[in-house]
Amino acid sequence: MGEFKRILVTGGSGLVGKALQIVVQDEKRQDEDWIFVGSKDANLCDLDATRQLFDKHKPTHVIHLAAMVGGLFHNMSHNLDFLRSNLAMNSNVLQVSHEKGVKKVVSCLSTCIFPDKTTYPIDETMIHNGPPHPSNFGYSYAKRMIDVMNQAYHEQHGCLFTSVVPCNVFGPHDNYNLESSHVIPGLIRRLHDVMEAGGSTFTVLGTGKPLRQFIYSLDLARLFLWVLREYDEVAPIILSVDETAEVSIRQLTEELQKAFDFKGEIVFDTTKADGQYKKTASNAKLRKYLPDFKFTPFAVAVKESVDWYKTNSKTARN
Ligand code: NAP
Ligand code: GDP
């Protein structure tokens, strides 16, 4: 137990926010009061609305998850929107956190914002080393500016504003909209629809060759709690599964096929984009702090996510 914390979680209604709600509920502590908010509580692109939200809840700590988020295809067609919305939300949340004397802010970057042309594995020191992949430059530059602002707030005002860098996240309560989803919820939705319709062909976009590290949202939520309570550096920390856990989109597809027990044919639509071939990230910094942290095995996490969607497909976000 420590000093009392009132923790405001922006983006509390999203994939990561819902996972955090579950983990916080499981590990309830007397010295923490948690408030989860979504876009209905305040539009964080609006500075006055952000101030009103902070005046209402008076947080001592903030986990800033809110963002315009989407998969490869949504990013490719909306780079300007990703840039503008995320720059505005991040700037407002950090400014108001400073104005209201918030003691610590943990914001969220992503491994997809790293330089496109780079050496692997990528680590926390390489974020600003070159242009991001052209498919998501809007989201990437907006996210990179969080790290720049964190450093500037620390230098000028001594603030403890930090950030984490998750790899691709998946789990219950994801976004299953076929236009804007990431690959796992997109494929879960598509395969579920095929099976409901009695179809025999499951179409996956791109060649299936790109490589990704996927973290289960509940594992990420447990790591977020540790960062909030224990991690006191301004510099970012990568929250990713190990490099050996990287899988191809084809391997992911096979795992989904098993989880659904789908007996039909898988087709790769190679007319669709692959995006970044890989963005392999090192979690050595995390492992130094938490050498024994156990990630949920990928097959188990995929099965749980598929089962959740099967039960909740009528009400899931799509
Ligand atoms: P998500 O499921 O799409 O949730 C986004 C959240 O942001 C929702 O709670 C949404 O509220 C809120 N939001 C969006 N626009 C807002 C606005 N203008 N004002 C206030 N709130 C707004 O996203 P997620 O996957 O949980 O992502 C959480 C964080 O992790 C983000 O910062 C993202 O960049 C980062 N991240 C995600 C991944 C991934 O693979 N998903 C990977 C790396 C990093 P409503 O739902 O109420 O509209
Ligand atoms: P990224 O990791 O930031 O590129 O984001 P995504 O989660 O959108 O993953 C994109 C990778 O999955 C690319 O190689 C896509 O070609 C591939 N992919 C295959 N099917 C789908 C799909 O239905 N939706 C999305 N978003 N990507 C898909």
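Below, all heavy atoms of this structure are taken into account, side chains as well, without hydrogens, waters or symmetry copies. Order of appearance sets the numbers: ligands from 1, and atoms from 1 within every ligand.
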Taking only heavy atoms of [X] into account, list the atoms of ligand 2 that are under 4.0 Å away from them.
X: Arg190; value: 23 (O)
X: Gly71; value: 8 (O)
X: Lys279; value: 1 (P), 2 (O), 3 (O)
X: Val204; value: 19 (C), 20 (N)
X: Pro210; value: 14 (O)
X: Leu187; value: 20 (N), 23 (O)

Should [X] and [Y] count as an ion pair when the cut-off is N to O under 4.0 Å?
X: Asp292; Y: Lys294; answer: no
X: Asp147; Y: Arg144; answer: no
X: Arg51; Y: Asp55; answer: no
X: Lys104; Y: Asp232; answer: yes
X: Lys103; Y: Glu3; answer: yes

**Request:** Would you list the pairs meeting ring-ring contact (aromatic ring centres under 6.0 Å, His included) in which at least one residue belongs to residues 142-163, sequence neighbours left out?
**Result:**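 Matches after skipping sequence neighbours: His98-Tyr153, His98-His157, Tyr153-Phe161.
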Please check whether [X] reaches ligand 2 - meaning an N/O of the residue sits under 3.5 Å from an N/O of the ligand, judged on distance alone.
X: Arg212; answer: yes
X: Gly275; answer: no
X: Leu72; answer: yes
X: Leu205; answer: yes
X: Val183; answer: yes

**Request:** For the pair Phe82 and Tyr139, name the ring-plane relationship: parallel under 30°, tilted 30 to 60°, perpendicular over 60°.
**Result:** perpendicular
**Asked** Between Phe298 and Phe214, what is the ring plane arrangement, given parallel below 30°, perpendicular above 60°, and tilted in between?
**Response** parallel
**Request:** Could you point out which residue of Glu243, Glu246, Arg212 forms a side-chain hydrogen bond (donor to acceptor under 3.5 Å, both in side chains) with Thr280?
**Result:** Glu246
**Prompt:** Any idea which protein heavy atom is nearest atom 26 (N) of ligand 2, and the distance to it?
**Reply:**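 In this structure, atom 26 (N) of ligand 2 has Ser181 O, 3.0 Å as its nearest protein heavy atom.
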**Item:** Which residue and heavy atom of the protein sit nearest atom 13 (C) of ligand 2, plus the separation
**Value:** Asp274 O, 3.1 Å
**Item:** Cation-pi geometry met for Lys272 and Phe73 (6.0 Å, 45°)
**Value:** no
**Prompt:** Which one holds for Asn168 and ligand 2: side chain close, backbone close, both close, or neither close, with close meaning a heavy atom under 4.0 Å?
**Reply:**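 Only the side chain of Asn168 comes within reach of ligand 2.
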**Item:** Residues in contact with ligand 1, criterion: heavy atom under 4.0 Å
**Value:**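 The 4.0 Å shell around ligand 1 contains Gly11, Gly12, Ser13, Gly14, Leu15, Val16, Gly38, Ser39, Ala42, Asn43, Leu44, Cys45, Leu65, Ala66, Ala67, Val69, Met89, Cys108, Leu109, Ser110, Tyr139, Lys143, Pro166, Cys167, Asn168, Val169, His182, Arg317.
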**Item:** Partners passing side-chain contact (heavy atoms from CB on, under 4.5 Å) against Glu32 (at least two apart in sequence or in another chain)
**Value:**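 In terms of side-chain contact (heavy atoms from CB on, under 4.5 Å), with neighbours along the sequence ignored, Glu32 is linked to Lys5, Ile7, Arg29, Trp34, Arg229.
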**Request:** May I have all residue pairs that pass side-chain hydrogen bond (donor to acceptor under 3.5 Å, both in side chains) and include part of residues 68-77, sequence neighbours excluded?
**Result:** none
**Prompt:** Under 4.0 angstrom from ligand 2, any heavy atom of His74?
**Reply:** no
**Message:** Just to be sure I'm reading this right: ignoring hydrogens, which of Ala273, Gly206, Gly70 gets closest to atom 15 (C) of ligand 2? Compare them by their nearest heavy atoms.
**Reply:**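 Answer by nearest heavy atom: Ala273.
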**Message:** Checking side-chain polar atoms at under 3.5 Å, does Asn175 have a donor or acceptor matched by the opposite partner on Ser180?
**Reply:** yes
